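Before any comments, here is the structure.
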Amino acid sequence: MADLIKRLGVALLAGALAAGGSACGKKNATGGDVATLISEAWTKYRLSEFQDAQLTFEAARASAQPGSDAWAMATYGLATTWDLRRPGEDPKLATKLYQEILTNAPASPMIPWTELALARQKHLVPVGQEPDYAAVHKAYQHIMDAFPGHLAAKEAFLYQESIELAKLEEASTRAAVKRLNQFVQSDSTEFTGPAWSLLAVAHTTLKNPAGRLHAEQKSFELTEVDPADPFVEFAWAYWNLATIAEFEVGDFDLARHYYNKLLEAYPNDIRVYGCKQALARMDALEAQIRAEEEGR
């Protein structure tokens, strides 16, 4: 879940700039427009080029009309950069910038995202501190109630469910599974992949390997790939699915499928030897079972 906000860059940019109107077309001193600056800044942010992202968001914010949707988008991007960059984060400055959006652009389409960012700050406290879970739950619920159907509300729902799953209690986990199943079965497609990831966690807690494998598969199938991210690879995902299928579910055919996918796609991966060992191990075990059955 920690990567959700980072993956929102494209969606946020499209929604906010679409609503920004003429303000987004305002030229800056170098001849570029605010929309272009914001787009460039999000790209730099997704690539973890935080210093460049900060400077570009600052340029966009300075070029936009104060209080406009474009200004709010640039301010949100700048706040997010200060909030989530590592190292060099400044959460207090980020909070100040988020609050500026609520005060100076109350009708902006960035308001739901800003509310969510402030809720996340309550949730993601420094190491060694314990969140005020009642306050966090209330903050997420406020977003869900104030902006029903909005992407920010759906994300708030998933974060709220993650709190329930973190308890590792059977009753709360089963209740979360029921809500998450309703979510993935709804007409909405946004955040369905992360919801399946949460269901995989839930089924692990409930010691339901078949349910976990199904959820892991669905989550993987719905993985969103950012073409601008040079670090995207699926070797671990193939390995994870293969080992669950082999050791927890006993579905050797499915395990072979994912081991072979890893071998084909990543022939130099560190897990290649393990894949070959696994394929040989399953072949040997099946041969032994056949021999025993034929000997009866």
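Given the structure is predicted, the values throughout are model-derived calculations rather than measurements.
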Distance-minimising heavy-atom pair for Y258 and Y238: CB-O, 3.5 Å

Heavy atoms, side chains only, cut-off 4.5 Å: are L165 and T205 in contact? no

Are L102 and E115 close enough, and set up right, to give a side-chain contact (heavy atoms from CB on, under 4.5 Å), and what steps lead you there? CA-CA 8 Å; L102 298 181; E115 295 270 15; 4.3 Å; yes

Indicate every side-chain donor-acceptor pair of residues 191-202 with a distance under 3.5 Å to a residue at least two apart or in another chain.
| from | atom 1 | to | atom 2 | distance (Å) |
| --- | --- | --- | --- | --- |
| T192 | OG1 | T189 | O | 2.9 |
| S197 | OG | G193 | O | 3.4 |
| S197 | OG | S219 | OG | 2.6 |

What heavy-atom pair brings L118 and Q99 nearest, and what distance separates the two atoms? CD1-NE2, 4.0 Å

Would you kindly check if the NZ (Lys) or CZ (Arg) of R271 is within the cone defined by 45 degrees around the ring axis of Y266 and under 6.0 Å from the six-membered ring centre? no

May I ask you to check whether Q54 and E58 show a side-chain donor-acceptor distance below 3.5 Å? yes

Among all residues two or more places apart in sequence or in another chain, which pass the salt bridge (charged side-chain N to carboxylate O under 4.0 Å, His left out) test with E49? none

Under the salt bridge (charged side-chain N to carboxylate O under 4.0 Å, His left out) test, residues paired with K154 that sit two or more places apart: E190

Let me confirm one number: the CG-CD1 distance from L78 to I38, rounded to the nearest 0.5 Å. 11.0 Å

Tell me, do M110 and D69 make a side-chain contact under 4.5 Å, heavy atoms counted? no

Which atom pairs, one a donor and one an acceptor, fall under 3.5 Å between side chains of residues 241-253 and the rest of the protein, sequence neighbours left out?
| from | atom 1 | to | atom 2 | distance (Å) |
| --- | --- | --- | --- | --- |
| T243 | OG1 | W239 | O | 3.0 |
| T243 | OG1 | N240 | O | 3.0 |
| E246 | OE1 | Y259 | OH | 2.6 |
| E246 | OE1 | R281 | NH2 | 3.1 |
| E246 | OE2 | R281 | NE | 2.8 |
| E246 | OE2 | R281 | NH2 | 3.0 |
| E248 | OE1 | R212 | NH1 | 3.4 |
| E248 | OE2 | R212 | NH1 | 2.8 |
| D251 | OD1 | D253 | N | 3.4 |
| D251 | OD1 | L254 | N | 3.0 |

Any donor-acceptor pair under 3.5 Å linking the side chain of T43 with the backbone of S39? yes

Tell me, do H203 and E216 make a side-chain contact under 4.5 Å, heavy atoms counted? no

With salt bridge (Lys or Arg N to Asp or Glu O under 4.0 Å) as the criterion, how do R256 and E286 come out once you've worked through the C-alpha distance, each side chain's angles and the decisive distance to 0.1 Å? CA-CA 13 Å; R256 286 190 180 93; E286 288 181 335; 2.5 Å; yes

Would a 4.5 Å heavy-atom cut-off, applied to side chains only, mark L158 and L180 as touching? yes

Is it the case that H123 and Y140 place a side-chain donor and acceptor less than 3.5 Å from each other? yes

Exam field: side chain Q121 to backbone P91, donor-acceptor pair closer than 3.5 Å: yes

Once you measure the plane-to-plane angle for F157 and F183, does it fall in the parallel (<30°), tilted (30-60°) or perpendicular (>60°) bin? parallel

Test R61 against M73 for side-chain contact (heavy atoms from CB on, under 4.5 Å), laying out the working first. CA-CA 8 Å; R61 176 175 145 99; M73 179 65 184; over 6 Å; no

d(Q129 CD, L124 CG) to nearest 0.5 Å is 12.0 Å

Is K261 close to H257 at the side-chain level, that is, under 4.5 Å between some pair of heavy atoms? yes

What residues, two or more places apart in sequence or in another chain, satisfy side chain to side chain donor-acceptor pair (under 3.5 Å) together with K167? E164

On a heavy-atom basis, which atom in W236 and which in E233 lie closest, and how many Å separate them? N-OE1, 4.1 Å

Output, in order, the C-alpha distance, side-chain angles, deciding distance and verdict of side-chain contact (heavy atoms from CB on, under 4.5 Å) for D132 and K122. CA-CA 7 Å; D132 181 345; K122 290 184 175 68; over 6 Å; no

Side-chain heavy-atom pair R85, Y45 within 4.5 angstrom cut-off: no

Heavy atoms of T173 and L206 approach each other most closely as CG2-CG, 3.7 Å

Check whether any side-chain heavy atom of F234 sits under 4.5 Å from a side-chain heavy atom of T223, and report yes or no. yes

According to a hydrophobic-cluster definition based on side-chain heavy atoms being under 4.5 Å apart (Ile, Leu, Val, Met, Phe, Trp, Tyr only), do L97 and L84 belong together? yes

Taking all non-hydrogen atoms of both residues, which atom of S162 and which atom of Y159 are closest, and how far apart? OG-O, 2.5 Å

Go through the steps to decide whether F50 and W82 satisfy the test ring-ring contact (aromatic ring centres under 6.0 Å, His included), and finish with yes or no. CA-CA 8 Å; F50 299 122; W82 280 117; over 10 Å; no

From D33 CG over to S63 OG, what is the distance, rounded to the nearest 0.5 angstrom? 9.5 Å

Using side-chain contact (heavy atoms from CB on, under 4.5 Å), reason through T80 and Y98 one step at a time and then give a plain yes or no. CA-CA 9 Å; T80 300; Y98 289 137; 3.5 Å; yes

Scanning both residues in full, the closest heavy-atom pair of A119 with I143 reads CB-CD1, 4.1 Å

Check whether the side chains of N260 and E264 place a donor and an acceptor atom closer than 3.5 Å, and report yes or no. no

Is there a path of hydrophobic side-chain contacts, each under 4.5 Å between heavy atoms of I, L, V, M, F, W or Y residues, that connects V136 with L168? no

Is it true that K92 and D83 make a salt bridge, defined as a side-chain N closer than 4.0 Å to a carboxylate O? no

Under the side chain to side chain donor-acceptor pair (under 3.5 Å) test, residues paired with K96 that sit two or more places apart: E100

